[in-house]
S.K.: 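For reference, the structure I am asking about is given below.
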Amino acid sequence: MKRIYLDNAAATPVDTGVMKVMNATVKKFPGNPSALHKEGVMARQAFEGTRGQIAGVLSAHADEIVFTSGATEANNMALQGVVRHARTQGIIHPHIIVSAIEHPSVLEVARMLKREGVFVDYLSVGQSGVVDLKELRKLINSETVLVSVMYANNEIGTIEPLRDIAKEVRHARKMNNSSYPYFHTDAAQAASYLDLSTPSLGVDLMTLSSGKAYGPRGIGALFVKRGVNISPLMYGGEHEMSRRPGTEPVALVAGFAEALTLAQKMKAKEFARVQKLRDAFAKAILKKIPNSTINGLPAQAGDLEHALPNILNISIPDIESEALVIYLDAAGVAVSGKSACKSADDEPSHVLTALYGEQKGEKASVRFSLGRDTKKQDLDYVVKVLPEILKKISIK
Ligand code: PMP
């Protein structure tokens with residue numbers, strides 16, 4: 001049976017050209033970039049070349065890129081690294097602000113830091129999923145060292161107003177006459193569709209993940225603007241300007257650079273193509289499935305410019321999302337799902353809870369995330385099989 005993959009927000013398939021670059025790099029550069037011999041020097045040159053390529057995509061300097069194992073590590077590095085460094089400066093109980101709809105690799109770190117004596121505030125979002133700038137202004141105080149708001153949400157696709165947040169953060173720095181707070185964004189979901197120019201976005205730290213941009217998994221980066229101080233999470237080597245020790249993965253980084261360059265080159269065309277598919281798909285589902293609703297911005301305001309083009313998060317009454325995921329899988333369709341309410345064995349989505357508060361009654365949500373390989377026929381097929389499946393799994 002042909003598979004229809006609609007879980008591109010969880011992982012994108014690796015681009016064939018990217019695989020070729022990685023294969024060639026593995027073969028050509030066997031040495032450790034830190035070694036003094038020819039093999040080492042060649043590996044170092046290749047590695048630093050690809051660092052420069054990634055910096056170019058971000059309109060950044062090469063020394064502002066720290067490679068990590070992915071977005072989870074980059075988010076940890078940003079939050080823990082900033083807090084630890086602030087403590088070395090005598091700020092013993094720093095304050096951080098994170099949005100309520102961040103990925104767990106931000107939220108769980110914030111929770112851990114809170115247990116260690118850090119003050120944490122959660123920036124709320126409206127039903128559209130967009131953070132409130134006025135609330136942000138009220139929450140920032142003289143002890144605030146970090147504001148972390150994601151670029152685009154992985155469950156509902158909302159794009160946050162990074163430039164406006166950056167303005168608030170700069171204003172606060174001026175008022176505090178301090179280099180704090182810093183502004184961090186998790187851009188893991190953004191690379192295939194949105195501008196990544198760091199000076200234009202106004203960010204001090206930015207998280208990237210190769211595995212969401214048609215590159216290999218297990219590699220990502222944290223952009224750290226010159227002058228921004230973070231303490232390392234790990235010790236044991238001078239790699240990555242003493243910010244992240246370990247032998248450099250030359251081929252993974254080459255694949256990441258190729259994927260990112262390609263994704264950014266394709267982004268305008270892909271945005272328009274995928275958005276058109278998504279919108280027709282959304283319309284068809286809403287028509288066929290009574291009482292289904294879209295979660296996030298596209299639904300609220302028809303404000304499609306402020307949402308990623310590839311994500312469609314739909315709530316459907318009287319079903320369990322796990323059942324829907326399993327039945328769709330059996331019909332050849334890969335999607336991701338979460339309940340929007342608390343039942344005994346099912347944790348609610350913290351994102352949907354942030355949008356609507358705690359909900360009563362069964363209302364499951366399912367996330368369709370389209371990608372480079374998605375075709376209209378794939379979505380037509382889903383629209384065709386969905387009503388039959390829903391009849392089978394209804395718990396009414
Ligand atoms: N942040 C966001 C917004 C994500 O969507 C993900 C992946 N689901 C991550 C962080 C974690 O990424 P990685 O798997 O590269 O650690």
Side-chain angles (χ1 to χ4, degrees), residues 5-14 18 54 65-81 98-112 123 125 129-131 148-160 162 165 184-194 196 201 203 205-223 233-234 244 246 249 252-253 255-257 259-260 263 295-297 307-313 325 334-338 347 349-352 354-355 365-371:
Y5 185 73
L6 295 174
D7 201 17
N8 289 278
T12 43
V14 181
V18 167
I54 288 176
I65 309 298
V66 182
F67 290 113
T68 65
S69 63
T72 300
E73 185 187 333
N75 285 340
N76 269 271
M77 190 184 280
L79 270 75
Q80 296 193 54
V98 301
S99 94
I101 59 168
E102 293 301 304
H103 187 266
S105 55
V106 167
L107 286 180
E108 293 296 322
V109 182
R111 198 176 297 175
M112 180 276 293
L123 193 53
V125 295
V130 179
V131 296
S148 182
V149 178
M150 68 205 318
Y151 197 167
N153 182 268
N154 47 304
E155 288 192 30
I156 55 173
T158 310
I159 299 170
E160 300 297 341
L162 295 195
I165 297 167
H184 166 250
T185 194
D186 174 355
Q189 292 291 339
S192 295
Y193 300 105
L194 305 178
L196 294 180
L201 295 171
V203 294
L205 299 129
M206 184 165 84
T207 289
L208 289 172
S209 175
S210 156
K212 315 274 180 206
Y214 303 87
R217 257 148 270 171
I219 187 77
L222 182 66
F223 159 80
L233 298 185
M234 295 189 283
R244 206 270 193 176
L252 280 178
V253 166
F256 179 20
L260 202 59
N295 298 309
L297 251 173
L308 286 177
N310 63 321
I311 291 183
L312 183 67
N313 188 311
V325 171
V335 301
S336 169
K338 258 208 169 153
E347 272 298 298
S349 151
H350 70 281
V351 176
L352 298 184
L355 296 190
S365 82
V366 61
R367 178 189 68 187
F368 299 95
S369 50
L370 287 54

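Indexing begins at 1, ligand by ligand and atom by atom, following the structure's order. No experiment lies behind these values; they were computed from the predicted model shown.
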S.K.: Between Glu155 (side chain only) and Asn313 (backbone N and O only), is there a donor and an acceptor less than 3.5 Å apart?
M.R.: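 No; judged by distance alone, with no hydrogens or angles, the pair does not exist.
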S.K.: Do any N/O atoms on Ser105 end up under 3.5 angstrom from N/O atoms on ligand 1?
M.R.: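 There is no such contact.
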S.K.: With distance as the sole test, does Ser210 use its side chain to make a donor-acceptor pair with the main-chain N or O of Phe256 at under 3.5 Å?
M.R.: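 Absent.
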S.K.: Output yes when a side-chain donor or acceptor of Glu108 lies under 3.5 Å from a complementary backbone atom of Pro104, and no otherwise.
M.R.: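 Checking the backbone N and O of Pro104 against the side chain of Glu108, no donor-acceptor pair under 3.5 Å is found.
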S.K.: Taking Arg217 for its side chain and Thr12 for its backbone only, find out whether a donor-acceptor pair lies under 3.5 Å.
M.R.: yes
S.K.: Just need the protein heavy atom nearest to atom 8 (N) of ligand 1, so name the residue and atom and give the distance.
M.R.: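 Looking at atom 8 (N) of ligand 1, the protein heavy atom closest to it is Lys212 NZ, 3.0 Å.
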S.K.: What residue and heavy atom of the protein are closest to atom 4 (C) of ligand 1, and at what distance?
M.R.: His103 CD2, 3.4 Å
S.K.: Purely on distance, is any nitrogen or oxygen of Glu73 under 3.5 Å from one on ligand 1?
M.R.: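 There is no such contact.
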S.K.: Using the side chain to side chain contact (heavy atoms under 4.5 Å, CB included) rule, pick out the option among Glu73, His103, His184 that qualifies with Thr207.
M.R.: His184
S.K.: Would you sort out whether Asn75 and Ser105 count as a side-chain hydrogen bond (donor to acceptor under 3.5 Å, both in side chains), showing the intermediate values?
M.R.: CA-CA 6 Å; Asn75 285 340; Ser105 55; 3.0 Å; yes
S.K.: Please state which protein non-hydrogen atom is closest to atom 3 (C) of ligand 1 and give its distance, to 0.1 Å?
M.R.: Asp186 OD2, 3.4 Å
S.K.: Using atom types as modelled and distance alone, determine if a side-chain donor or acceptor of His350 lies under 3.5 Å from a backbone N or O of Glu102.
M.R.: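 Judged by distance alone, yes, a pair lies under 3.5 Å.
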S.K.: Show which atoms of ligand 1 fall inside a sub-4.0 Å distance from at least one heavy-atom site of Met150.
M.R.: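 Those atoms are 3 (C).
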S.K.: Which residue and atom name correspond to the protein heavy atom nearest atom 5 (O) of ligand 1, and how close is it?
M.R.: Gln189 NE2, 2.8 Å
S.K.: So how far is it from Ser336 OG to Asn8 CG, rounded to the nearest 0.5 Å?
M.R.: 11.5 Å
S.K.: Would you kindly specify which portion of Thr72 sits under 4.0 Å from ligand 1, judged on non-hydrogen atoms: side chain, backbone, both or neither?
M.R.: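 Under 4.0 Å from ligand 1, Thr72 contributes backbone and side-chain atoms.
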S.K.: Would you mind running through ligand 1 and noting each atom that sits below 4.0 Å from a heavy atom of Ser209?
M.R.: 15 (O)
S.K.: I'd like to know if Arg217 contacts ligand 1, where contact means a heavy-atom distance under 4.0 Å to any ligand atom.
M.R.: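 No.
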S.K.: Does any N or O atom in Ala71 lie less than 3.5 angstrom from one in ligand 1, N or O only?
M.R.: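 By distance alone, the answer is yes.
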